[in-house]
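Worksheet for the structure shown next.
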Amino acid sequence: MKFKAPKWLSVAPVAAALVISLAACGGGSSEPSGSATDALAGSDQKSLDSFTTADVTPLDKIDKSKLGLITDGTIRVGTLSDAPPNIFIDPSGKFTGYDNELLRAIGDKLGLKVEFASTDFSALLSQVGNKQFDVGSSSISTTDARRKTVGFTNGYDFGYMAVVTKSDSKVTGFGDIKEGLRIGVVQGTVQDDYMTNTLKIEPVRFPDYNTVYGNVKNGQIDAWVAPSQQAEGQVKEGDNTKIAEKVVNTQNFTAYAVNKDNKPLIDALNSGLDAVIADGTWAKLTAEWYKDRPTAAEQTPQGWKPGSKAVQLPAK
């Protein structure tokens, strides 16, 4: 089966992608496989515009007693432990990464503590929906199907996927994915849904990124369809592996998940997000964690920008 990129996607070989620095993490969040939807497609641009707020509530107008937090004064966050550079635990035991450090900065703007706990992709959205966590942080792609389970903040990142193979593999990208190959995914991710429901190919499902990547290295699977930033966090020199291709999707932004009935918390997080965009924190963290996105051009491809429609990135 040959891969034909839908109109909302831009496809580029890795070398070209690195030159123009279209890097992102997307699609690495939970949603059960088997639904009859194309999760990668996400929402069309008109729909995304309708979900992005026109503006936000001023920080000094937010009533923190109305946020419906599990613990007053603290945002309890479900996240992952093995997905650098976005969401992972560092050697000191600290939850860190781009998504989590950005959420800490948002919490600082709101005067709230941020407390993290590790969970799995396959459970995260339901845990947020059931109020086991106040927020889900895992580079979550905001698909229409997922909006039936949880609410989302405005976007803070764009998403894209990658194909990871051994260096001498005959699989050179999405166009080579076909029946008969063993293609790995992490269970419950957009990549799982994409393989199962869009390409109609049953993947080999793994519980986490370390395990699926280990199976690429030892040749147990032919390729891994991965969130691209997680792929870059795993592939290392000397592993005899490579990122064969990337597929960029700016129309399916990533955001933090919140219980869909908790509008006060969604609104507060949106206010905090706009604040860290306006003061330059978002751009600074983006450049720090995405080394191939040092400038505004790389950070906002194809006209995409984070936050509400009203917020402006500071002039350089």
Side-chain angles (χ1 to χ4, degrees), residues 5-6 8-10 22-45 47-52 78-80 83 85-87 97-100 102-103 119-129 135-163 174 185-199 203 209 224-233 246-258 260 266 269 273 290 301-302 304-307:
W8 57 81
L9 296 177
S10 300
L22 290 172
C25 171
S29 62
S30 61
E31 177 167 337
S33 296
S35 60
T37 62
D38 178 357
L40 179 61
S43 307
D44 61 27
Q45 190 62 55
S47 179
L48 286 179
D49 285 344
S50 72
F51 287 122
T52 300
T79 189
L80 309 179
N86 293 81
I87 46 254
Y98 174 69
D99 301 61
N100 289 340
L102 180 64
L103 189 53
T119 188
D120 295 327
F121 281 160
S122 57
L124 180 57
L125 291 192
S126 63
Q127 289 170 333
V128 172
V135 174
S137 172
S138 66
S139 293
I140 303 170
S141 296
T142 55
T143 66
D144 288 337
R146 289 174 174 175
R147 290 184 186 277
K148 297 176 182 178
T149 303
V150 294
F152 287 108
T153 64
N154 288 328
Y156 62 85
D157 200 359
F158 55 92
Y160 73 119
M161 295 198 310
V163 176
F174 287 95
V185 297
V186 172
Q187 183 175 359
T189 60
V190 163
Q191 293 75 37
D192 185 354
D193 193 26
Y194 177 70
M195 287 290 301
T196 305
N197 298 313
T198 302
L199 298 188
Y209 292 116
W224 167 29
V225 177
S228 196
Q229 279 302 120
Q230 274 66 61
E232 292 184 354
K246 297 179 181 180
V247 180
V248 179
N249 178 13
T250 60
Q251 292 193 21
N252 188 18
F253 60 65
T254 61
Y256 298 110
V258 183
K260 63 182 179 181
I266 295 172
L269 292 171
L273 175 59
Y290 295 148
Q302 301 176 23
W304 178 87
K305 79 174 186 69

Taking the side chain as every heavy atom from C-beta outward, state whether [X] and [Y] have any atom pair closer than 4.5 Å.
X: Ile140; Y: Leu125; answer: yes
X: Gln191; Y: Trp224; answer: no
X: Phe253; Y: Asn154; answer: no
X: Leu269; Y: Leu103; answer: yes
X: Thr142; Y: Phe51; answer: no
X: Asp192; Y: Pro203; answer: yes
X: Tyr209; Y: Pro227; answer: yes

Report task. For Tyr194 and Leu199, run side chain to side chain contact (heavy atoms under 4.5 Å, CB included): C-alpha distance rounded to whole Å, both residues' side-chain angles, the deciding distance at 0.1 Å, then the answer. Result -> CA-CA 6 Å; Tyr194 177 70; Leu199 298 188; 3.9 Å; yes
Query raised in the report: Yes or no on side chain to side chain donor-acceptor pair (under 3.5 Å) for Asn100 and Ser137, after CA distance, side-chain angles and deciding distance?
Result: CA-CA 7 Å; Asn100 289 340; Ser137 172; 2.7 Å; yes
What are the two closest heavy atoms between [X] and [Y], and how far apart are they?
X: Ala255; Y: Gly155; result: CB-CA, 4.3 Å
X: Thr254; Y: Ser139; result: CG2-O, 3.7 Å
X: Val150; Y: Ala257; result: CG2-CB, 4.0 Å
X: Pro301; Y: Phe158; result: CD-CE2, 3.2 Å
X: Leu102; Y: Leu273; result: CD2-CD1, 4.4 Å
X: Gly307; Y: Thr52; result: O-CG2, 3.4 Å

Query raised in the report: Going through the checks in order, is the side chain to side chain contact (heavy atoms under 4.5 Å, CB included) test met by Met161 and Thr189?
Result: CA-CA 11 Å; Met161 295 198 310; Thr189 60; over 6 Å; no
Report task. Taking Lys260 for its side chain and Gly129 for its backbone only, find out whether a donor-acceptor pair lies under 3.5 Å. Result ->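 Looks like no, no N/O pair under 3.5 Å.
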Requested in this report: Without swapping roles, check the side chain of Thr153 against the backbone of Tyr256 for a donor-acceptor pair under 3.5 Å.
Outcome: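 Side chain of Thr153 to backbone of Tyr256, a donor-acceptor pair under 3.5 Å: yes, one is there.
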**Report entry** Verdict with reasoning, Asp99 to Tyr156, per side chain to side chain donor-acceptor pair (under 3.5 Å)
**Finding:** CA-CA 9 Å; Asp99 301 61; Tyr156 62 85; 2.4 Å; yes
Query raised in the report: Are Asp157 and Tyr98 close enough, and set up right, to give a side chain to side chain donor-acceptor pair (under 3.5 Å), and what steps lead you there?
Result: CA-CA 10 Å; Asp157 200 359; Tyr98 174 69; 5.1 Å; no
Query raised in the report: When rounded to the nearest 0.5 angstrom, what distance separates CG in Leu124 from CG in Leu80?
Result: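 Output value for this atom pair is 7.0 Å.
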